[in-house]
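I have placed the structure first, in the form of structure tokens, so that the comments after it can refer back to it.
Chain A is the first sequence line, chain B the second, and so forth, proteins listed ahead of strands; every chain is numbered from 1.
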Number of protein chains: 4
Amino acid sequence: MTGDGPRERILAAAVRCAARNGVQRFSLEDVANEADLSRATFYRQFPGGRDQLVQEAATWEVARFWAKVAEGVEAEATLEDRLTVGIVTGAELIRQSPIMANLGEDEVAELATALRPSEPLVHEVIRSYLRNLLAREDRAGRLRPGTDVAEASDYLTRMVLSVLSAPVGRDLTDEAAVRELVRTQFVGGIVTG
Amino acid sequence: MTGDGPRERILAAAVRCAARNGVQRFSLEDVANEADLSRATFYRQFPGGRDQLVQEAATWEVARFWAKVAEGVEAEATLEDRLTVGIVTGAELIRQSPIMANLGEDEVAELATALRPSEPLVHEVIRSYLRNLLAREDRAGRLRPGTDVAEASDYLTRMVLSVLSAPVGRDLTDEAAVRELVRTQFVGGIVTG
Amino acid sequence: MTGDGPRERILAAAVRCAARNGVQRFSLEDVANEADLSRATFYRQFPGGRDQLVQEAATWEVARFWAKVAEGVEAEATLEDRLTVGIVTGAELIRQSPIMANLGEDEVAELATALRPSEPLVHEVIRSYLRNLLAREDRAGRLRPGTDVAEASDYLTRMVLSVLSAPVGRDLTDEAAVRELVRTQFVGGIVTG
Amino acid sequence: MTGDGPRERILAAAVRCAARNGVQRFSLEDVANEADLSRATFYRQFPGGRDQLVQEAATWEVARFWAKVAEGVEAEATLEDRLTVGIVTGAELIRQSPIMANLGEDEVAELATALRPSEPLVHEVIRSYLRNLLAREDRAGRLRPGTDVAEASDYLTRMVLSVLSAPVGRDLTDEAAVRELVRTQFVGGIVTG
DNA sequence: CACTAAACGAGACGGTACGTCCCGTCTTGAA
DNA sequence: TTCAAGACGGGACGTACCGTCTCGTTTAGTG
């Protein structure tokens, strides 16, 4: 885990430090210690200093998050299954994330901030992914006639991201409830059956 | 504008400083100068220091944002009109916001972070507002039969917030395009007509 | 004790605060609280502010110190007795002083500093006092012939002050030892015996 | 003069600042500027902060004072000469000291306070120095029979320090008068001749 | 195998900002 | 009018980081 070269070591260390102290609180000293290298070496890897680190660490962690979600969804067959399992898996990952644990509302927000720049990218990736799924469903004749795949994928992307980032009242760990939500609200107007 | 008592003066000054230097960059010295009072007085008003200031200034600015949107929407008659005008107005406010101007992607993210804690609250407020609108439409018999007002308001809230916070490819200043989006994607399955 | 008018109350409070926190450490807030009056009133009594307070409190406390020594010495008959008892009494007062208690070497020094300005005055008072004593001894024919009373009083003053302010190795609470010191070193060349 | 390493530079700067503004008045900012380094570096050299600085600067300056006196006295042959020249030299140094110049009575006192902790040490050093001188005189057969060298050195130390720190009425720049004082009051009962 | 060059650890430094504390001044309100 | 209560500007303090720099030292690659 720590043998992945200095950059990965630093990114992982930064995520651990952020999990402990909050995003705005950790010091580069901490990160360097956690990554078992000197502050000088850190600046050689990240000439942009702290800003660059936070930025890259956030996108790196986001990528890992979605990679795990994708992995958890791989085996599912239908669109409904993938959405349902994806949301539940994602919610669980967020809940278990060491960053989320023992962190106040503020800290969560701080982290979320760093995540923002990668949001358009994420949006694009998820939408592209869902577009492929929809196209497959379309070829299988399971989409309602007249469904615009591009619009539908955008719509699904927004709903998934919205629900994951702000569950508001919903319990996303309850798979049955999530499935119901997905069926009625997400794919109701899209998929036949 | 500056005669609103020390708290308001400080909050407004903080927003101006954030607009100039970015959220993480402005110093309390700057804010104090901008608000024409001493740093000591600032700490008397905000014992929580910088964190408290950022937090309160963000929610204060968010409240002003939505107040303006609400004001801009007041005169509109139908749900579709309100949504359309609200989105266009909000997008325009965001675009014109001095905070968004000449700010890198990073800076925007930093500010967004501070906005996050108020997001559940915002979600709730918007949803409640839309629920009232939908109920009115329902009483007027303009909703499709079988529409669940609670679900529909949650859904609309998510779409509005999602589109405003991440327009992705859409040009939200184009009212016709927004109206088309609202009609087909937002209220298509809800409102008759 | 606290009904002696605002000035005395403040001076006494200042001495108590200095005893607790050290001379440089106590705040005017503390002194005002201790004296049961407001900081505003303090500034009416001591327009010179903190400096004036420290100065006056120091000289006030020094005056009290020497008054007590004088009182303790009153009953003694001979010069040797008065010097001996005076030194022992003074040393005891210094030792018991709340200012000296639980104070580091530094704190003692801080207080001593404030005492310095009054030193020439003290010197003069002690010398004048001793000169009178010596003159009495002279009239009684107990001085060595050729003794210059002025020079002798200056000399005794210096030795007394030096020993009290810097006992170095001597135990000033041991009356016998002090008496021996006084006899051999202080009055040996002056008084016949 | 300023190439002696950071500590010496800081100490010298502190003495200069104290000479200008008084001991309690100078700020660490001033000292850092005067020493041509940053406040941060100052705190790296003196983790004890201002207290440690004042303490060390005072003892450092005291050491320099006595070193100069010792140097000025080196060439003198007899005890009487050394005491006389030492007192005159010391008085001159004090008079010329930038710290003493244009300083109120108060400021002198403040500085004296910081000097106090080193007083026992000074006492010891001077006494030891004088003890050696007396022992030499003793070996040369110039001491009165029955003279206790230890007692005599303590006595001389007290007189020298007392006269230097509180000349009271005496003009210590008048070498003849000082010599007369030394002969009659200091060494009169000790040295033969 | 020796030698050079790049990477690294360690640490000092200037600078900036923070949060705290206190002083001296001023205003306001109550006795 | 006098005083208590308290806000304010100003300034210093001690702390914590950041970003830069300079040293030796270690490691790796090359002749």
Applying side chain to side chain contact (heavy atoms under 4.5 Å, CB included) to Ala13(D) and not counting sequence neighbours gives Arg16(D), Val31(D), Glu34(D), Ala35(D)

Protein-proximity profile, nucleotides 19-31 of chain E, B/S/- by nucleotide at the 4.0 Å heavy-atom cutoff, equals BB-SSBB------

Output the rounded distance in Å from [atom1] ([X]) to [atom2] ([N]).
X: Phe46(A); N: dT20(F); atom1: CZ; atom2: P; answer: 15 Å
X: Leu37(A); N: dG11(E); atom1: CG; atom2: C1'; answer: 16 Å
X: Asp36(B); N: dG10(F); atom1: CG; atom2: C1'; answer: 15 Å
X: Arg9(D); N: dG14(E); atom1: CZ; atom2: C1'; answer: 13 Å

Table of protein N/O atoms under 3.5 Å from nucleotides 24-26 of chain F N/O atoms:
none

For residues 41-49 of chain D, which side-chain donor-acceptor pairs fall under 3.5 Å, sequence neighbours excluded?
| unit_1 | atom_1 | unit_2 | atom_2 | d |
| --- | --- | --- | --- | --- |
| Thr41(D) | OG1 | Ser38(D) | OG | 3.3 |
| Thr41(D) | OG1 | Arg44(D) | NH1 | 3.4 |

By salt bridge (charged side-chain N to carboxylate O under 4.0 Å, His left out), Glu56(D) pairs with (sequence neighbours left out) Arg7(D)

Here the gap from Ser165(A) atom OG to Ile94(A) atom CD1, rounded to the nearest 0.5 Å, amounts to 8.0 Å

Between Thr41(A) and Ser38(D), the residue closer to the 5' end of DNA chain E by nearest nucleotide is Thr41(A)

Closest non-hydrogen contact found for Leu37(B) with Arg9(B) is CD2-NH2, 3.6 Å

Residue set satisfying side-chain hydrogen bond (donor to acceptor under 3.5 Å, both in side chains) with Arg50(B), at least two apart, ordered chain then number -> none

Side-chain heavy-atom pair Leu28(C), Leu53(C) within 4.5 angstrom cut-off |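 They are in side-chain contact.
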
